[in-house]
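In what follows, every chain begins at residue 1, and chains take the letters A, B, ... in the order their sequences are listed.
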There are 2 protein chains.
Amino acid sequence: MGIADDAVEIRAHGWRTLAALHALIENALERVLQGEHGLSVVEYTVLDALARQDGRHMRMRRLARAAALSNSAATRLVTRLEDRGLLTRVLCADDRRGIYTELAPAGLELLERARPTHDRVLREALAEAGGTPELAPLVGALRGLEPRPLP
Amino acid sequence: MGIADDAVEIRAHGWRTLAALHALIENALERVLQGEHGLSVVEYTVLDALARQDGRHMRMRRLARAAALSNSAATRLVTRLEDRGLLTRVLCADDRRGIYTELAPAGLELLERARPTHDRVLREALAEAGGTPELAPLVGALRGLEPRPLP
DNA sequence: GATTTTCCGTTGCGTGTGCAACGAGCGCAG
DNA sequence: CTGCGCTCGTTGCACACGCAACGGAAAATC
């Protein structure tokens, strides 16, 4: 049992903890967002990512990366949201291979209606995880991550 | 923009970072474990959890919780692994509703063959994430999580 | 300028998943 | 002992996903 073995075990433990916390939060979000707004977590993530983007548009490839999805999954996800009128496909002018997905007004509206729910559930899930001895340290570490590192 | 809004944004940012790192690691593990050992990440997780358990057995419900799966998914996952001879179903003596899933020798063997791969890919994925400014802080925090808190 | 290579988004296919409904077995109140 | 509520694991169903293959468009190579 050397130092190297310890490092391996620390990484494995960190990964198990990360996965457990991720599953806890995602399941909670999935349940409530689906029930109250008809949105899955990935769908919310995509709408949110689009809203944060300048011009509210994004290329498919970027969108797939942002949501950690395959190309095919991104295509169908965008199709679903487009059918619901939450976003629109816009062809690229300069690169005719590319397709922009642009957030529609209805999409922005739904997003802003769902955001308080999202934030509330996230806060509750983190609080619950903070009460679990196994997860508490990671929850604490998450608080230290600043969106914009202070100068 | 008050302190409360900052807290909300910090939580949201923490969640996005957590999700991104989780996806990065899981995709890397999935690709390699599937390619080299025919195991998905969930399957590896279940075998690993069983191996860590005293007596190498576990009830379905516990197993489902450990892998963050629904009951139905656990049932089918166990069925798949049982069909491959990696574990066996054993009926509970005291509670005839319950079913133990016990790690078979072939399962333990496959697990120990896959473990080095798992650890290597995990190390590489964390190293790669450590090079990303957005993910590096969380990777660093993960190192601070001790499997057994020192006295 | 023509040809090859690479990239982008879409589609057919197989598969793993969650939800809801179900039967079987335990435990408690009466 | 009998009925009722609850837990446990399984199954039908719909659905979202990844992979591989495809056509179209830009980039690279000659």
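Atom-to-atom, CG of A/D94 to P of D/dA25 comes out at 15 Å; the value is rounded to the nearest Å. At whole-Å resolution of the value, CD in A/Q34 and P in C/dA20 are 11 Å apart. A/L63 places its CG atom 15 Å from the C1' atom of C/dT10, with the value rounded to the nearest Å. Rounded to whole Å, atom C1' of C/dG25 lies 12 Å from atom CG of B/L91. Atom pair A/D83:CG and D/dC15:P shows a separation of 13 Å (rounding to whole Å applied). One can place CD of A/E26 at 11 Å from P of D/dC17, the figure rounded to the nearest angstrom. Distance B/L69 CG to D/dC17 P: 17 Å, rounded to the nearest Å. When rounded to the nearest whole Å, the span between CG of A/L77 and C1' of C/dT10 equals 14 Å.
In this structure, the side chains of B/L87 and B/R56 stay at 4.5 Å or more apart for every pair of heavy atoms. Residues B/V78 and B/I99 are not in side-chain contact: their nearest non-hydrogen atoms beyond the backbone lie 4.5 Å or more apart.
With hydrogens and angles ignored, a donor-acceptor pair under 3.5 angstrom links the side chain of B/R76 to the base of D/dG12.
If you check the side chains of B/T45 and A/R16, you find no donor sitting under 3.5 Å from an acceptor. If you check the side chains of A/E36 and A/H118, you find no donor sitting under 3.5 Å from an acceptor.
Within the structure, a side-chain polar atom (N or O) of A/R80 is placed less than 4.0 Å from OP1 or OP2 of D/dC17. Considering only side-chain N and O atoms, B/R96 lies nowhere under 4.0 angstrom from the phosphate OP1 or OP2 of C/dG27.
Of the candidates C/dG12, D/dT10, D/dA26, the closest approach to any side-chain atom of B/N71 belongs to D/dT10.
A salt bridge does not link B/D119 to B/R123: none of the charged side-chain nitrogens sits closer than 4.0 Å to a carboxylate oxygen.
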Report, one pair per line, the protein and nucleotides 6-8 of chain C atoms (nitrogen or oxygen only) whose separation is under 3.5 Å.
unit_1	atom_1	unit_2	atom_2	d
C/dC7	O2	A/R97	NH1	3.2

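In terms of position on DNA chain D, the residue among A/E43 and A/S72 whose nearest nucleotide sits closer to the 5' end is A/E43. Annotation: of the two residues near DNA chain D, B/A73 and A/A68, the 5′-most nearest-nucleotide partner is B/A73.
Among the atoms of the strands shown, none is found under 4.0 Å from any heavy atom of A/R62. Across all strands, B/R31 comes closer than 4.0 Å to no nucleic acid atom at all (heavy-atom distances).
A/R143 CZ: 12 or fewer foreign heavy atoms inside a 6.0 Å radius. Within 6.0 Å of the CZ atom in A/R62, the count of heavy atoms belonging to other residues, nucleotides or ligands does not exceed 12.
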